[in-house]
Amino acid sequence: WQPDPELLALAKAAFARAYAPYSKFHVGAALRTPSGQVFSGANVENASYGLGRCAEQSTIQAMASAGERQFTDIVVYSEAVPPASPCGACRQVLFEFSPEATVVCVNQHGEIIGGYVRDFLPHGFRLEHSS
Ligand code: THU
């Protein structure tokens, strides 16, 4: 597994913009849609700790808010060893849109954890809907 260079650059830029005064743990993410659009996001914490949002969820929110409904690959950048891997809640959020997308988690040393969304979240939940 290797991170797409453009997505890695965007994820690093988002990492630098993370709002994480409580945990001090920055995460940035970036994804690409089938039409070639790219979206990025960072974790955004809150004084009411439970209201914090992970970088992956910020990124999916940006994508979906722009009207996009699918992504092909997402890169998650952190400066952690091993690299931060999406939390359980984020796995479900990723699964909603693209179970077949690739996930590449990478850190400042180039260490990688990669796989398909469906492998990060086996038996993810789906609700049948018409649109
Ligand atoms: N976090 C993410 O943004 N993504 C991950 O993959 C792991 C955790 C954030 C949530 C919180 O702001 C901080 O990292 C520490 O948990």
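Quick note: numbers below take in every heavy atom, side chains included, and nothing from hydrogens, waters or symmetry partners. First listed ligand is number 1; within each ligand, the first listed atom is number 1.
- Under the 30°/60° scheme for interplanar angles, the aromatic rings of Trp1 and Tyr116 are found to stand perpendicular.
- In the displayed structure, His109 atom NE2 is contacted under 6.0 Å by more than 12 heavy atoms of other residues, nucleotides or ligands.
- A donor and an acceptor atom, one from each side chain of Arg118 and Ser98, are nowhere located under 3.5 Å apart.
- Note on ligand 1: Pro86 sits in its first shell, one or more heavy atoms being nearer than 4.0 Å.
- The shortest contact between atom 9 (C) of ligand 1 and any protein heavy atom is with Asn43 ND2, 3.5 Å.
- When hydrogens are left out, the protein atom nearest atom 3 (O) of ligand 1 is Ala55 N, 2.8 Å; that is the closest non-hydrogen contact.
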Please assess Arg126 against Glu96 for the test salt bridge (Lys or Arg N to Asp or Glu O under 4.0 Å), listing each intermediate value before the final yes or no.
CA-CA 7 Å; Arg126 295 199 81 82; Glu96 175 78 14; 5.9 Å; no
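- Nearest protein heavy-atom neighbour of atom 10 (C) of ligand 1: Cys54 SG, 3.9 Å.
- From the protein, the heavy atom lying nearest to atom 14 (O) of ligand 1 is Phe25 CD2, 3.4 Å.
- Checked by atom type, the side-chain pair Glu45/Ser23 shows a donor-acceptor distance below 3.5 Å.
- For ligand 1, the atoms lying closer than 4.0 Å to a non-hydrogen atom of Glu45 are 11 (C), 12 (O), 13 (C).
- From Thr102, atom OG1 reaches atom CG of Asp119 across 11.0 Å, with rounding to the nearest 0.5 Å.
- Ranked by closest heavy atom to atom 15 (C) of ligand 1, the top entry among Ala84, Ser23, Ala18, Gly28 is Ser23.
- By the criterion of a heavy-atom distance under 4.0 Å, the backbone of Ser85, and not its side chain, is placed next to ligand 1.
- A continuous path of ILVMFWY side-chain contacts below 4.5 Å connects Val103 to Leu121, so both sit in one hydrophobic cluster.
- The protein heavy-atom contact nearest to atom 4 (N) of ligand 1 is Glu56 OE1, 2.9 Å.
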